[in-house]
Structure formats: structure tokens, C-alpha cells
Amino acid sequence: MDRRYFLFLMAGAIGACASKATITPFDPDGDKDGDGTVNGSAIASFNNLYGLVRDTDGNPLENVMVTDGYRFTTTDENGVYQMMADPRSRFIYYSLPAGYAIMQDPSTHLPLFFKGIDHSAEKERVDFTIAKLSGSSTAFSFAVLGDIHVRDKATGKTFREGAMKQIGEYFKANPSAGAVFGVSLGDIINNAKDPETFGYTREALGSALLGDGKYLPFYEVIGNHDHNARLGDTEKTGTDAFDDGTVENFIDTFGPTCYSFNIGKVHFISLDNYIARAAPSSENTALASSGQSGLSDDVYKWLLKDLSFVRDKEDKMVVILQHCHIRGFAEIPHREDMLSELAAFNSAYILSGHAHICESYKYKVYAKNGNPVIERIHGVPMGNFWYSRYNPDGSPAGFYVYNVKGNDFSSWEYRCLHDPSEQMRVYDSNDVYDKETDWSRKYAWGNEPLFADGNYILAHIYNGDEDWEVTLEHDGKSEKMTFANKRIYDYCVNCHLANDNVSGIRTSWKYHWDYSENWWYLKLDRPASELTGWKVVAKAKFPGSSETRTYSCDRITKSVSE
């Protein structure tokens with residue numbers, strides 16, 4: 001396994017999230033009798049790294065997975081782990097066991113589950129103390145952010161005072177029965193050639209204040225923009241090994257790239273699923289000129305080893321946290337291998353970023369509960385690279401909240417930053433949004449053959465899923481709307497991004513738009529704009545749960561604005 005996949009955090013210009021561990025001489029139990037035991041467990045003479053994992057009451061914790069990133073072990077009945085440390089390792093860390101709280105760095109408020117090790121010592125003891133979780137361990141909530149792309153101090157401040165503040169306020173108003181935390185799905189910064197930007201993002205990610213005076217712990221996933229390809233070994237250009245050094249800036253700031261943790265009946269795994277293979281092609285960027293989404297052989301081996309320590313998979317949910325989405329890419333390394341491994345669990349989800357759009361996809365691979373493995377791709381809090389509050393698929397900038405009960409999600413929702421109640425926009429297919437058209441482009445629904453033969457009412461439901469029930473309520477009746485099952489442009493937002501966008505927008509981002517597949521439609525006998533006393537109603541459904549949520553909209557959108 002290469003150096004990316006053990007959790008180490010170097011002290012650097014940005015600062016470290018954790019201090020070096022205190023080295024304890026080998027007479028580890030402190031009784032000066034030299035018996036070579038820790039809490040009653042004998043330390044084998046050939047092992048040079050060991051320690052005790054216990055709770056805050058001093059009770060030892062058994063069967064906690066501990067690793068230096070290369071070698072894995074578990075604690076014994078006395079809470080003791082031991083191993084011969086790999087000489088390349090820099091940190092020792094654990095996979096948070098179910099029923100225990102996420103420990104946080106007191107200065108950054110980010111999750112802290114690793115400590116530094118020092119190979120200069122003949123033998124070294126590194127202990128961990130973990131607090132018991134208060135409240136429910138099987139019902140909990142967490143927030144998810146798609147790509148952030150903080151590019152400077154100003155956008156870091158906007159992110160902190162906008163999305164992060166609203167996430168904190170959400171959990172104040174909607175306290176969870178159990179744990180709460182957050183996940184950022186990569187592309188944390190816009191350009192890794194400016195590594196100080198990681199510091200602005202770290203400050204923001206640790207700023208969500210909860211109602212009890214505590215801070216929301218936020219886990220980080222590494223994205224392709226977080227790899228600094230200027231740091232890759234050019235002698236290894238074109239190979240996976242080039243990627244080894246490109247994660248230095250990220251781990252200087254956040255530490256982990258591949259790690260896991262358990263809450264209730266859920267096993268979470270964060271993966272680095274981007275492989276940089278060549279240096280940047282421009283002095284203006286640190287992004288690799290050649291790279292690929294997917295798991296390297298080393299990451300896949302790490303994943304297999306981690307999964308080998310998960311007990312009772314058929315009664316648990318597994319959630320993969322990754323940056324690059326794999327939906328639509330059949331040739332991604334270890335794509336099918338990973339999906340096959342996830343099928344061993346009761347339920348399985350992949351939470352991805354990268355595309356800057358809201359989308360959900362069901363694989364033809366089925367978990368033990370009979371439901372497919374589902375990948376959910378997440379819209380972003382930055383909108384159009386901080387120049388607009390709209391994402392390229394037309395959805396508004398926002399964040400997600402997931403709710404868990406037992407071994408599946410009970411529900412999830414999308415929270416629009418400028419209006420938390422907004423879940424959809426409704427359009428009249430006859431509307432044309434042309435202003436100063438560019439690229440000889442016509443911003444009109446008639447571009448879609450599906451809507452070219454009559455009057456249609458269209459609903460763009462940002463967080464929608466094909467299983468949702470969507471109806472038009474009008475004239476005392478309810479008519480079912482059809483899921484388009486097709487990726488379609490939001491022409492109204494396209495027009496806005498091209499013509500009415502924030503002044504000073506860079507031309508290179510002016511046309512950053514993409515399709516959405518979250519569309520429903522109904523053919524009418526007259527233009528939708530002529531309807532009165534109507535509303536579109538969406539009934540949200542969630543796999544593995546009987547819970548539903550209802551959203552509605554009763555106006556036609558003619559234009560959008562900042």
C-alpha cells in the first residue's frame with residue numbers, strides 16, 4: 001500500500017490537526033517491574049507499537065480495529081492492541097466503534113482518531129480514549145456537502161458564514177436523537193497550487209456551532225482538485241505511483257484519505273477514488289494533466305482489509321464516501337469489485353460529488369434487503385463556482401441532510417441556502433427565455449422533442465427520485481405527472497447563467513451548465529400559465545423506509561435571479 005492510505009498528518013505551514021503522540025518507554029504499565037504487559041496483556045517481544053483503547057471511565061474496549069495504514073489488528077479483551085509497525089507508517093489510528101462519540105480536535109473541532117508515531121523509539125505505546133455516545137446509537141443524522149471549491153480567503157468566509165452557519169442552525173432547530181456530524185465530499189479547494197486555501201476551508205468546516213455550545217464534527221473526503229500534481233514524482237509519470245505525493249497538502253491539513261468509522265448499525269468508509277498520473281499542463285493549476293476516477297489497486301486492497309473487520313454485514317448498512325461519481329463510467333478501476341463487496345450488507349449506498357449536480361442512480365447490484373446499491377451525487381453549496389447561487393443543472397446552491405434509523409436511511413432532504421423551503425421549480429413548456437443568445441443557442445423547452453408537440457407543465461424537483469409520486473392538483477382533480485427518465489437542461493437557469501449572471505463573471509465559467517434528470521411532466525389542454533388554483537405536489541419516498549415527505553409548488557417560474 002502506498003503512503004496515501006495510511007492516516008498521517010504532517011506539521012506544516014498550514015498547521016497540524018493533531019500533535020505527535022507522547023512516546024512511552026517499554027515498561028508500559030508504569031509499575032517499573034519490567035514485566036512487558038499493558039493492562040494484563042503481554043506485549044510480544046517482536047511488536048514495537050502497542051497501546052490501550054478505553055472509554056472515559058477507564059473501561060477497556062475490545063474488538064476495536066487499529067491500524068498504522070499498512071498493518072491491521074484489533075484490541076483484545078483488555079483493550080490492548082499490538083503490532084510490528086510498518087517502517088513507512090507515520091500515524092496509528094482506529095475505526096470508531098459503534099456506541100461511541102466522534103472525538104474532536106479541540107482547536108479545529110474536526111474528527112480526531114489518529115496520533116503520530118516515532119520510529120526512533122525501540123518500542124512505543126500510543127493510547128486512545130473514546131467517550132461513550134449519549135443518546136440513541138441507531139437513530140442519527142448527518143449533513144453532506146458536495147464540492148466546495150474554496151478558492152481564496154473571501155470565498156472561505158462566504159462558505160463559513162453561509163452554508164456552514166445554516167448547517168449549524170439546522171441542527172439547532174432539528175436536534176437528532178443520536179449523533180450528528182457532517183461530511184464534505186471532496187474538491188474542498190479549487191486549486192491545490194495554493195495550499196494555504198486548505199486552511200481557509202478547515203476553519204470553515206470546523207465552524208458549525210450546535211445549540212449545546214459544541215461544534216459539529218466534519219469528516220473530509222479528498223477530491224481530484226485536492227491532489228497537488230506538482231508534488232508527484234515525475235519519474236513515475238503515467239503510473240498510479242505518480243499519485244503518491246500529490247496528497248501531501250491535503251493530509252497536512254486534514255490527515256485521512258482512506259478511513260472508516262461506525263455509528264449504530266452503519267459502517268462508513270471514506271475513499272480516495274482519484275488517481276493523478278501526470279504533472280499539470282499549466283503554471284496556473286495544480287490539477288493533473290492526466291488522471292482517472294476509480295480505486296487504485298492499493299486503495300482497493302485497503303478497502304478489502306477494512307471490510308474484513310466488519311461483523312454481521314447482513315444486519316448493517318454500508319455507506320461509501322467518495323468524491324468522483326462512478327455512475328456512467330463502466331471502465332473505472334475496481335468499480336464492479338467494489339459494488340460486489342457492498343452487496344454483502346443489508347443496505348448499501350455510495351455518496352459522491354464531482355459533477356456539481358443532484359442525481360440518484362440504482363445499480364443492478366442488490367443488497368441483502370433486496371434493494372439495489374444506490375449512488376447519490378450531490379449538488380454543491382458554492383453554486384456556479386461562487387459566481388452564482390445556481391448549480392449547473394439548475395438546482396440552487398445547498399446542502400443535504402440524511403436521517404438514519406437502524407440499518408437504512410429513513411429519509412433525506414435537500415436544503416436550498418437562499419430558501420430552505422424550496423424543493424422544486426415549475427415551468428410552462430411554451431416559455432422562451434432568450435435574451436442576448438450566445439453560441440446560437442435558443443433557451444426554450446422546444447429544444448426537447450419530448451415537449452415540442454403541445455402544452456406541458458414541467459416540474460424540476462432538485463432532490464427527486466424516480467420512485468417519488470408527483471401530481472398536478474387542479475380543477476378538483478389530481479393528475480399523475482410522468483417521470484421524464486431523461487437528462488434535460490433547465491433552460492431558464494441556462495439563460496440566466498449566460499445572460500444575467502453576476503457582473504464580472506469569468507467567461508470560462510459563464511457557460512458552466514449540465515443536465516438534470518429530475519424532471520416530471522404532464523400534457524395539458526392549455527398553457528400551464530393559464531391554470532388557476534393549482535399546485536404540483538411531490539410525495540417523497542425512500543428505499544428501506546416507510547417514511548414519506550410532501551413538497552408542493554403553486555407558481556410558474558418565468559425567470560431566476562441572484
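Please read all numbers here as calculations on a predicted model, not as lab measurements. Atom set for the values below is all heavy atoms of this structure, side chains included, hydrogens, waters and symmetry mates excluded. Position 1 is the first residue of the sequence; numbering continues from there.
- In this structure, E161 has no salt bridge (Lys or Arg N to Asp or Glu O under 4.0 Å) partners at least two apart in sequence or on a different chain.
- Contacts classified as side-chain hydrogen bond (donor to acceptor under 3.5 Å, both in side chains) and involving residues 394-403 (residues at least two apart or in different chains) are given here: S141-N403, R376-Y402, H378-Y402, N391-S395, D393-S395, N403-S411.
- The side chain to side chain donor-acceptor pair (under 3.5 Å) with W445 is formed by just one residue from the set Y456, Y427, Y433; it is Y433.
- For the side chain to side chain contact (heavy atoms under 4.5 Å, CB included) with L216, the qualifying choice from I102, L110, L209, I167 is I167, the only one to do so.
- Within the 3.5 Å criterion, the main-chain N or O of Y489 finds no donor-acceptor partner in the side chain of N494.
- Shown here are the side chain to side chain donor-acceptor pair (under 3.5 Å) partners of T550, two or more places apart in sequence or in another chain: there are none.
- The aromatic ring centres of F483 and W519 sit 6.0 Å or more apart.
- By the salt bridge (Lys or Arg N to Asp or Glu O under 4.0 Å) test, K539 is found to be paired with no residue, residues two or more places apart in sequence or in another chain being considered.
- When side chains are defined from C-beta on, T197 does not count as touching N190, because their heavy atoms never get closer than 4.5 Å.
- Judged by distance alone, the side chain of N174 and the main-chain N or O of Y170 form a donor-acceptor pair under 3.5 Å.
- Take K558 and apply the side chain to side chain donor-acceptor pair (under 3.5 Å) test, not counting sequence neighbours, and it matches D431, S529.
- Annotation: ring-ring contact (aromatic ring centres under 6.0 Å, His included) contacts of F171 (sequence neighbours excluded): none.
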